[in-house]
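The shown structure was predicted, so the numbers you read here are calculated from the model rather than taken from an experiment.
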Amino acid sequence: MDTPLTTIAVVGLGTMGTGIAEVLARAGREVVGIDVSEAAARQAVASLEASTARAVRRGRITEQERRDALARFRTFSDLRAAADAELVIEVVPETYEIKQQVFRELDAVVSPTTILATGTNALSVTRLAAESRYPERVLGLHFFNPAPAMKLVEVVSSVLTAPPAVESVTRLARELGKEPVAVGDRPGFVADGLLFGYLNQAAAMYEARYASREDIDAAMKLGCGLPMGPLALLDLIGIDTARTVLEAMYSASHDRLHAPAPVLGQLSEAGLTGRKAGRGFYTYDAPGGHTVVPDARTPEEDAGTGAGRTVSSVGVAGSGTMASGIAEVFAKAGYAVVLAARSQEKADTARARIAASLGRSVAKGRLTEEAREEALARITASGSLDSFADVDLAVEAVAEDLEVKQQLFSVLDKVCKPGAVLATTTSSLPVVAVARVTSRPEDVVGMHFFNPAPAMKLVEVVRTVLTADDVHATVREVCVKVRKHPVDCGDRAGFIVNALLFPYLNNAVKMVEEHYASLDDIDAAMKLGGGYPMGPFELLDVVGLDVSLAIEKVLHGEFRDPGLAPAPLLEHLVAAGCLGRKSGRGFREHARR
């Protein structure tokens, strides 16, 4: 199996097979493309011609390199064409029956030293290998779509796979310019194993009508920096494909988080499988199209929000990073801001922090010196909440402790004028529990900013069962005026972002706990395969392991799902004082600040 992999057969010339063939041909390999459908083979050739022509126009390859790549790609309809290949990669439909039939036929065609790779992301590589005459040469080689662009390749070993086969395809992946990650055989492997649980929960959130499809997708894009929202991504992947992967994961894990949301089955059975069908969670301009078009579920602009209350002055309670950031946001948008802390000294320190932040914006050319001075002049620092007497909107950004917030809102209830909107920035506590300590719970709403507030565009607007319509409308209007994107959600643990983000982070910890993959491999897999700006362990160390554990406990306490129970490894690290960057050590070592 140390033979150089110069001739490679790709069985199945759908989107993924064609993409893999392109990667191989452009990297100098002789590629034998095989598909029972002559139409699929013709389409693969046409796709390769079109994509290489685009590459020439963009200056990425020369015309001669294009012609050479096209000459290296030949298509056939019979598996016997793979006879001389040193590696065969199958990417046929995701069923055991079809894949096992392909492997049985290949056993009779190829050399005993030929490596057989399956492109599955949901089926057991071990089960497929067991059906082969030479199971030691069978492994998984999971590319990501689109294969020419995505850097990640998961190299999947079963208990039967010979190490030289793994070494050969790992070396090949690197020669193709990919980043190979070695993983064991379990449904979803690393990237899809984490991704599909998250996508499933997003589908369930939508099915429960907790938030609109637009708000769920906007929340995860703006709150987490993801390239696509989960429902749009399900449409891209194919809802039927997602359902198949989740069913495989659930059969292996019996974790309810992997049990496919019923809406996935309903859409699949109705033929509404996403972009390829022209309709899934969204409606598209045509089957296979990518442009979303309005449909019956598309919200009308500002439909049902009504008129809000007038807001010209804002009070921000707190002296930490979040409070300073929120005060800066309002001041830059032209609001008169009162920044109140527990002492005048703390309030002055917070205002100085804002001045430094505004100064950095000037230095980077994002703000003029005049605009900086005007924004700073709008901020009054105060050591008492009594200064909130005339504000139209009071926003608290104090410690994430229910008792502390309730005490604060009891004071705001007495201090703030009638009609003032009272907002909490909590990320995990019940807003209604804060509202009920006041004599005017209808004036209380959640307004969850994300850190750093000046940079992050998302605000989750959390409405309780008691929140008045005009209060809800007020906060949405204010968000728009301060150039933030509001998303509506109900008053339940985690709201949108944390309810979807933290189970994903928790599952990543469980992977490490089970010795399935390393920290580095998991982080690399999610950045390269999922387009995440940070890997889960990088993010956990930034957020703080103690903060993450607290949120996961809240989620588990409210939803009572065993799959949401915090990973013991996370609890152990917090107990040991390993809290992430702020303590100098979390999942990794960090220089103390």
Side-chain angles (χ1 to χ4, degrees), residues 218 221-223 225 302 307-398 412 415-417 419-423 425 447-461 473-487 533 593:
K221 287 168 64 181
L222 298 174
D302 296 325
R309 302 176 186 178
T310 300
V311 175
S312 57
S313 58
V314 178
V316 179
S319 58
T321 303
M322 181 59 83
S324 301
I326 293 171
E328 178 181 334
V329 166
F330 281 112
K332 285 195 295 189
Y335 289 94
V337 178
V338 178
L339 178 58
R342 285 177 294 177
S343 68
Q344 187 63 50
E345 181 183 4
K346 286 183 177 294
D348 290 339
T349 299
R351 189 176 183 278
R353 186 184 300 118
I354 296 169
S357 175
L358 293 170
R360 287 192 294 272
S361 294
V362 172
K364 293 174 181 177
R366 297 172 183 167
L367 198 70
T368 65
E369 182 61 38
E370 182 183 8
R372 173 188 178 274
E373 293 300 327
E374 289 174 352
L376 203 55
R378 295 187 191 105
I379 301 172
T380 302
S382 170
S384 170
L385 289 173
D386 289 340
S387 56
F388 281 13
D390 294 320
V391 301
D392 303 306
L393 168 64
V395 182
E396 70 78 15
V398 298
L412 293 178
V415 168
C416 293
K417 66 185 179 183
V421 174
L422 311 182
T425 61
M447 200 173 180
H448 180 212
F449 286 81
F450 287 73
N451 203 20
M456 299 294 282
K457 295 295 184 185
L458 181 68
V459 175
E460 290 177 320
V461 178
T474 300
V475 170
R476 286 189 62 89
E477 290 172 5
V478 166
C479 286
V480 172
K481 288 177 181 175
V482 299
R483 297 183 179 180
K484 302 297 180 186
H485 184 102
V487 297
R593 293 181 178 180

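Side-chain contact between Lys332 and Leu358 is present, with at least one heavy-atom pair separated by less than 4.5 Å. The shortest side-chain heavy-atom distance between Ile379 and Ile354 falls under the 4.5 Å cut-off. Residues Leu222 and Phe450 form no side-chain contact, since every pair of their non-hydrogen atoms from C-beta on lies 4.5 Å or further apart. Using a 4.5 Å heavy-atom threshold, the side chains of Asp386 and Val415 count as touching.
Shown here are the side-chain contact (heavy atoms from CB on, under 4.5 Å) partners of Ala453, two or more places apart in sequence or in another chain: Met322, Ile326, Val329, Phe449. Remark: Ala352 pairs with no residue by the side-chain contact (heavy atoms from CB on, under 4.5 Å) rule, at least two apart or across chains. Applying the side-chain hydrogen bond (donor to acceptor under 3.5 Å, both in side chains) rule to Gln344 yields the partners Asp348; only residues at least two apart in sequence or on another chain are considered.
Heavy-atom minimum distance, Gly318 versus Ala341: O-CB, 4.3 Å. In plain terms, the two heavy atoms of Val337 and Ala331 that are nearest each other are CG2-N, 3.7 Å. In this structure, Val398 and Ala317 approach most closely via the heavy-atom pair CG1-O, 3.8 Å. Nearest approach of Ala323 to Val316, heavy atoms of both residues: O-CG1, 3.5 Å. When all heavy atoms of Val391 and Val314 are compared, the pair lying nearest together is CG1-C, 3.9 Å. Closest approach of Ala340 and Ser384 over heavy atoms only: CB-O, 3.8 Å.
Side-chain atoms of Arg351 come within 3.5 Å of backbone N or O of Leu376 as a donor-acceptor pair. A donor-acceptor pair under 3.5 Å is formed between the side chain of Lys484 and the backbone N or O of Met456. Looking at Arg309, its side chain does come within 3.5 Å of a backbone N or O of Gly419 through a donor-acceptor pair. Side-chain atoms of Glu396 come within 3.5 Å of backbone N or O of Thr425 as a donor-acceptor pair.
The one candidate from Thr310, Val311, Leu422 that meets the side chain to side chain contact (heavy atoms under 4.5 Å, CB included) condition with Leu393 is Val311.
Around the CD atom of Glu370, the shell of radius 6.0 Å holds no more than 12 heavy atoms that belong to other residues, nucleotides or ligands. By the neighbour-count criterion of 12 heavy atoms within 6.0 Å, atom CD of Glu345 is sparsely surrounded, having that number or fewer from other residues, nucleotides or ligands.
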**Item:** Residue pair Met447, Val421: steps toward the side chain to side chain contact (heavy atoms under 4.5 Å, CB included) verdict
**Value:** CA-CA 11 Å; Met447 200 173 180; Val421 174; over 6 Å; no
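Applying the ring pair (Phe, Tyr, Trp, His ring centres under 6.0 Å) test to every pair with at least one member in residues 338-396, sequence neighbours left out, gives no pairs at all. Listed by first then second residue, pairs satisfying side chain to side chain donor-acceptor pair (under 3.5 Å) with a partner in residues 313-326 read Ser313-Asp392, Ser324-Arg353, not counting sequence neighbours. Applying the side chain to side chain donor-acceptor pair (under 3.5 Å) test to residues at least two apart or on different chains, the pairs with a partner in residues 354-364 are Glu328-Ser357.
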